[in-house]
A.B. asks: 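Just passing along the structure, written as structure tokens.
Just so we're clear, the structure is a prediction, and the values are computed from it rather than from any experiment. Naming: A, B, ... by sequence-line order, numbering from 1 per chain.
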Amino acid sequence: MSGRYSRSPTALTSALSALVRRDLLIMRRYPLNTAGAVLGLYALFLLVYVGGRSLVGPSFGETLGALIVGFFLFVMANASYQSLAGLFATEAKWGTLEQLYLSPIGFGPIAVLLSLSSLLVTFSVGFAMLALMLLTTGESISLDLLSIVPIVVLTLLSTIGLGLLFGGATVRYKNVSAVFGLVKFALVACIALGPASTEFVVLKLLPLTQGSYLLQRVMNEGVRLWELEPTELSVLAVVGITYFVLGYALFRYCTDRARAAGVMGHY
Amino acid sequence: MTENDDPTTDPIISVENLVVAYDRAEETVRAVDGIDLQIEPGTIVGLIGPNGAGKTTLLKTFLGLVSPTGGRVRVDGTDVAEHPHRAHATMAAVLEGARSTYWRLTVRENLEFFSRMNAAGRGDERDRIREVIDRLDLADLSTAVVNDLSRGQKQRVSLAAALVQDPEILFLDEPTIGLDTEGSLELQSSLVDLAEQHGTTIVLSSHDLHAIESICDRGIVLDDGHVVADDSVENLVDIFRTEVYELVVEGTLSSSARGEIERAYEIVSCTELRDRTALEVAVPDGNRIHELTGAMVAHGSQIESVRTLEGSLEAVLDSLSFERSRPLERRPLRGAP
């Protein structure tokens with residue numbers, strides 16, 4: 001039997017590719033829902049872009065890169081914390097949540113893969129939308145992806161941790177969507193508090209705040225990743241990993257409670 | 001029924017003193033209450049019982065979806081509660097009937113999804129999917145979106161999604177519910193074929209007693225969280241074949257005769273016809289039928305006919321429901337622990 005059990009990289013990659021493909025296929029089969037989501041994202045970005053341009057004037061182009069990254073950070077943070085809870089609720093209604101639980105990869109790793117899949121899909125949709133946006137406005141941007149991507153990944157670890165927490169709570173307590181609106185505002189506040197974290201160091205412990213601060217420096221001041229202070233990068237990594245580990249542990253706790261209460265898969 | 005009925009084979013599922021209790025409102029409900037059993041590889045086992053008997057809870061405990069309050073479940077030597085993902089490598093389940101797959105995906109897309117999620121590296125995926133599609137006669141439907149299929153076809157897709165994971169053990173909860181006769185027979189045929197040709201162990205819970213009687217090697221009758229009977233389906237039916245009698249008496253049954261019967265036996269049913277009364281009586285020992293008829297005659301009943309009822313699992317459950325209403329007089333059944 002042990003030969004059948006596997007958490008090998010092949011098994012994990014296979015599961016992730018299956019989840020991404022499934023998400024894309026379902027998006028294609030619900031075209032109105034997908035179009036609504038993409039257009040909503042487009043409209044929000046357009047609002048920020050047009051609003052910023054009219055307020056700041058011609059110099060707005062200099063901060064366009066930072067705006068784009070900040071915007072995507074928010075969109076992806078939102079997707080990573082909210083998607084898992086929504087997915088579990090939907091899967092339970094579809095009758096497929098138990099099937100995901102039965103994967104030999106384990107329910108915890110499956111939850112992380114679900115988050116990653118959601119992030120990849122959100123990123124690809126957002127990226128396509130961005131290309132459309134740039135074509136529409138005739139703007140062009142230059143991004144230092146080598147510096148930006150690692151910071152974004154470490155930053156999103158904290159919201160994936162929050163997503164695991166909300167996902168676990170959904171499995172155990174069912175409908176928790178009422179708190180999503182509050183958390184969304186809190187995330188915007190965390191991003192906005194980035195610059196203030198230099199003065200009030202304790203703010204660096206909030207999710208997204210340190211990442212937002214470092215991204216601002218990379219985007220606005222042109223600082224490269226390897227030019228950032230090791231302490232600042234360490235704080236980013238430790239905070240992100242801590243939220244992720246706590247979120248994962250609470251997810252496991254909630255699913256264990258759901259199994260003990262006999263409500264796994266119910267909704 | 002299957003080729004793997006060797007009783008000396010190590011059990012693939014082993015349940016020891018299993019207890020599952022839930023806190024509900026102001027009381028603790030013991031959905032499973034001290035069950036011990038073992039299931040041999042390659043057998044088809046039916047879990048039978050009235051609503052609330054503990055069938056689905058037991059099934060979900062086998063799968064690790066429910067944690068035991070006490071005792072343990074081992075699947076192929078692995079403690080399911082401690083290492084569910086290790087145990088899941090050997091099993092697949094159809095728990096929600098037609099709802100176990102993604103209805104917006106096609107049949108083939110579903111099979112590819114479940115294969116990649118649960119069985120990466122187990123042989124060639126395309127071969128496995130092709131074999132399952134052929135075995136369940138889904139070739140013409142492979143590009144159809146599941147949402148467009150009939151309920152019976154969706155059930156088959158759910159079964160296919162489980163089989164494509166190449167399980168050693170297959171669990172099914174109410175697999176024939178909502179199916180018409182033809183769909184139910186097709187599913188039953190597929191399950192028998194799976195056990196006979198591939199040695200797959202199948203555990204199913206069902207209210208469809210005809211299906212259980214047709215395909216299961218063994219029936220485990222649950223009531224109120226306990227195993228009240230555990231034997232081959234043939235033996236279970238035999239027990240009741242000789243114990244339930246239909247007696248037809250002239251006119252109506254006098255209250256004194258009825259009282260006398262109820263003191264010593266169980267009246268399964270009593271139907272008053274125009275000029276006679278038909279009684280179904282469960283008699284704990286076949287030899288006591290003469291005492292029963294003697295007592296009825298002594299109380300003035302004119303007996304027209306006496307016949308044993310043909311055994312069926314329905315009779316087993318009918319009788320058990322009487323047992324439940326009289327718990328202090330529970331009759332020990334063959335095979336019960």
A.B. asks: Can you check whether Y101(A) and H88(B) have ring centres sitting under 6.0 Å from each other?
C.D. replies: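 Aromatic pair counts; centres sit under 6.0 Å.
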A.B. asks: Relative to chain B, which segment of L19(A) carries a heavy atom at a distance below 4.5 Å: side chain, backbone, both, or neither?
C.D. replies: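 The answer is both parts of L19(A).
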A.B. asks: Side chains of E91(A) and Y102(B): donor-acceptor distance under 3.5 Å anywhere?
C.D. replies: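 Yes, because at least one side-chain N or O of E91(A) sits under 3.5 Å from a partner of the opposite role on Y102(B).
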A.B. asks: Main chain of T101(B), side chain of T96(A): is a donor-acceptor contact present, judged purely on distance under 3.5 Å?
C.D. replies: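 No: the side chain of T96(A) does not pair with the backbone of T101(B).
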A.B. asks: Which heavy atom of L95(B) sits nearest a heavy atom of Q99(A), and at what distance?
C.D. replies: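 Minimum heavy-atom contact is N-NE2, 4.4 Å.
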A.B. asks: Where on I110(A) is there a heavy atom nearer than 4.5 Å to chain B: the side chain, the backbone, both, or neither?
C.D. replies: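 Only the side chain of I110(A) comes within 4.5 Å of chain B.
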A.B. asks: With a 4.5 angstrom heavy-atom cut-off, could you sort out which part of F107(A) is near chain B: side chain, backbone, both or neither?
C.D. replies: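 Neither; nothing under 4.5 Å.
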A.B. asks: Using the side-chain hydrogen bond (donor to acceptor under 3.5 Å, both in side chains) criterion, which residues pair with S14(B)? Sequence neighbours excluded.
C.D. replies: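 So S14(B) forms no side-chain hydrogen bond (donor to acceptor under 3.5 Å, both in side chains) with any residue.
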A.B. asks: For chain A, which of A81(B), P68(B), G77(B) has the most heavy-atom pairs under 4.5 Å?
C.D. replies: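 Looking at each of A81(B), P68(B), G77(B) in turn, A81(B) comes out on top.
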A.B. asks: Would a 4.5 Å heavy-atom cut-off, applied to side chains only, mark D256(A) and S67(B) as touching?
C.D. replies: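 They are not in side-chain contact.
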A.B. asks: Measure V80(B) against the heavy atoms of chain A and call it side chain, backbone, both or neither at under 4.5 Å.
C.D. replies: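 When you check distances to chain A, only backbone atoms of V80(B) fall under 4.5 Å.
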A.B. asks: Determine whether more than 12 heavy atoms belonging to other residues, nucleotides or ligands lie under 6.0 Å from atom CZ of R74(B).
C.D. replies: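 Atom CZ in R74(B) is crowded, with more than 12 foreign heavy atoms closer than 6.0 Å.
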A.B. asks: Can you see whether F113(B) has R21(A) sitting over its ring - NZ or CZ less than 6.0 Å from the centre and within 45° of the normal?
C.D. replies: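 The answer is no, since R21(A) fails at least one limit relative to F113(B).
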A.B. asks: When rounded to the nearest 0.5 angstrom, what distance separates CG in L25(A) from CD in E109(B)?
C.D. replies: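 Here the interatomic distance stands at 4.5 Å.
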A.B. asks: Please tell me if the side chains of S100(B) and E98(A) come closer than 4.5 Å, counting only heavy atoms from C-beta onward.
C.D. replies: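 They are not in contact (no side-chain heavy atoms under 4.5 Å apart), so the answer is no.
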A.B. asks: So, do R22(A) and R116(B) sit near enough that their side-chain heavy atoms are less than 4.5 Å apart?
C.D. replies: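 No - every pair of side-chain heavy atoms lies 4.5 Å or more apart.
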A.B. asks: Tell me the closest heavy-atom pair linking V66(B) and G262(A), and the distance in Å.
C.D. replies: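 Looks like CG2-CA, 4.0 Å.
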